[in-house]
Colleague: 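Here it is, the structure, as structure tokens.
Residue numbering restarts at 1 for every chain, and letters A, B, ... go by the order of the sequence lines.
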There are 2 protein chains.
Amino acid sequence: MARPREFDTTEALNQAMQVFWSKGYEATSLSDLIGAMKLSKSSFYDTFGSKHDVFLAAIEHYKKTITAQVSAVSGLDAPARKLIESLFERAVSRMTEEGGQRGCFLNNCAVEVALHDPAAAKLIGGGFAIMEDTLFALVERGQREGGIAPDKDPRALARYLTSSLNGLMVVGKANPDPESLSDVARTALTVLD
Amino acid sequence: MARPREFDTTEALNQAMQVFWSKGYEATSLSDLIGAMKLSKSSFYDTFGSKHDVFLAAIEHYKKTITAQVSAVSGLDAPARKLIESLFERAVSRMTEEGGQRGCFLNNCAVEVALHDPAAAKLIGGGFAIMEDTLFALVERGQREGGIAPDKDPRALARYLTSSLNGLMVVGKANPDPESLSDVARTALTVLD
DNA sequence: CATGTTTTGGACCAATTAGTCCATAATAAT
DNA sequence: ATTATTATGGACTAATTGGTCCAAAACATG
């Protein structure tokens with residue numbers, strides 16, 4: 001009793017994540033999930049246990065994908081400052097493009113469930129930590145390279161940048177205006193000078 | 001057919017707002033609402049129409065309360081820069097104190113419903129606009145007073161500060177650590193130098 | 001006290017929720 | 001071809017959802 005004989009579990013989790021991302025946890029129903037994951041109700045429960053279990057797994061899945069993306073970006077040999085800037089630019093353009101207002105999955109989860117779902121909160125915290133650590137490494141590198149003010153505390157900068165990116169997503173949801181968001185991104189990055 | 005003979009509508013909306021604030025829109029049930037608002041199901045529907053109508057009214061109510069608070073703060077004769085700083089300080093301490101992790105109601109609403117609820121999205125956008133305009137006025141005053149860099153675009157700064165405050169709330173939800181959040185707030189405010 | 005107006009509890013509704021279970025169907029192994 | 005395994009559709013719960021409705025209770029007014 002389990003999932004189809006050959007069945008791409010990570011792809012299913014990816015689909016589940018997409019649904020949670022678009023609709024939020026509460027607003028996502030079982031039928032939404034089994035529809036997106038393309039398995040039967042029975043297989044769903046046999047394989048994943050419960051809606052909440054899938055939710056946690058989706059958060060974990062998200063963390064894996066950003067870890068991959070992030071290490072790809074950090075590996076580029078462009079100056080670290082440029083990489084950080086392009087992170088903000090990409091956030092702005094994603095938020096302003098058609099259908100891009102889903103924002104950041106972690107961000108959405110943090111706001112919707114962190115207060116009432118300790119298990120999820122822990123995973124989400126871990127996700128933010130990944131972002132922060134990535135930015136920390138980039139900031140330190142930028143300081144060595146000379147693109148970022150060397151006297152500033154890199155940990156504080158990393159925390160600040162993480163928070164700034166999240167702020168951008170939130171205001172972008174209510175008002176996805178390119179000009180506004182560019183103002184925010186540009187101003188936020190002046191801290192690195 | 002209506003509400004109780006003497007009935008404080010704004011107080012009821014305030015209670016409704018508290019519930020939506022704590023639990024989110026989807027996770028709030030009718031019984032939650034009529035419990036908090038202290039009226040019967042019949043009176044609820046007679047007076048307010050529907051859950052969604054109450055939700056919109058609660059957002060409006062929130063906007064009224066922040067407008068009031070905000071004009072009180074702006075009226076203080078302390079330097080504008082100090083007022084902005086205390087806004088961030090208060091955000092940090094609220095997020096880190098026991099039970100303060102609800103964050104900002106507008107922020108929560110933006111993340112949970114803006115994408116799928118145009119009517120709410122419009123009200124939420126208006127709420128952010130109030131914040132932005134308030135900060136804009138403070139920034140301009142700060143620039144005149146000399147506490148804030150006069151060469152920077154006050155509109156961009158206001159947008160940036162609004163976004164920063166929201167970012168603070170989001171990361172605070174997942175990780176309500178005073179040190180982290182202080183780092184964020186302190187760093188964010190250096191933009192005003 | 002009687003009349004007219006408000007307000008309410010709670011019965012009721014249809015839809016939906018997350019979740020269980022099993023007989024059947026599909027597949028694989030022998 | 002037979003057997004053993006695996007997966008599925010869908011019937012089935014029990015609870016809850018938002019919402020309607022009305023007879024009775026509470027109240028105010030005369």
Colleague: If we check side chain to side chain contact (heavy atoms under 4.5 Å, CB included) with A/Leu181, which of these qualifies: A/Met95, A/Met169, A/Arg186?
Modeller: A/Met95

Colleague: Looking at C/dG10, does its base get a donor-acceptor pair with the side chain of B/Ser40 below 3.5 Å?
Modeller: no

Colleague: Which one, D/dT8, C/dA18, C/dT8, comes nearest to the side chain of B/Asp46?
Modeller: C/dT8

Colleague: Return the value, rounded to whole Å, for the distance between atom CD of B/Glu26 and atom C1' of D/dG18.
Modeller: 12 Å

Colleague: Between B/Tyr45 (OH) and D/dT17 (C1'), how many Å, whole number?
Modeller: 9 Å

Colleague: Whole angstroms only, please: what is the NZ-P distance between A/Lys51 and D/dT16?
Modeller: 15 Å

Colleague: So, are B/Asp183 and A/Arg155 salt-bridged, with charged N and O less than 4.0 Å apart?
Modeller: no

Colleague: What orientation do A/Tyr25 and A/Phe55 show, parallel under 30°, tilted 30 to 60°, or perpendicular over 60°?
Modeller: tilted

Colleague: Taking N and O atoms by type only, does the side chain of A/Ser42 place a donor or acceptor under 3.5 Å from a partner on the base of D/dG9?
Modeller: yes

Colleague: Just how far, in rounded Å, is C1' of D/dG10 from CG of A/Leu30?
Modeller: 14 Å

Colleague: I need the CD1-C1' distance between B/Ile34 and C/dG9, as an integer number of Å.
Modeller: 10 Å

Colleague: What is the distance, to the nearest angstrom, from the CG atom on A/Leu39 to the P atom on D/dG10?
Modeller: 16 Å

Colleague: Rounded to whole angstroms, how far apart are CG on B/Leu33 and C1' on D/dT16?
Modeller: 15 Å

Colleague: Please give, in whole Å, the distance from D/dG19 P to B/Asp53 CG?
Modeller: 8 Å

Colleague: At under 4.0 Å, does any side-chain N or O of A/Ser43 touch on OP1 or OP2 of D/dA7?
Modeller: no

Colleague: Can you find a donor-acceptor N/O pair under 3.5 angstrom joining the side chain of B/Lys41 to the base of D/dG19?
Modeller: yes

Colleague: Does any donor atom in the side chain of A/Asp8 or A/Thr10 lie under 3.5 Å from an acceptor atom in the other side chain?
Modeller: yes

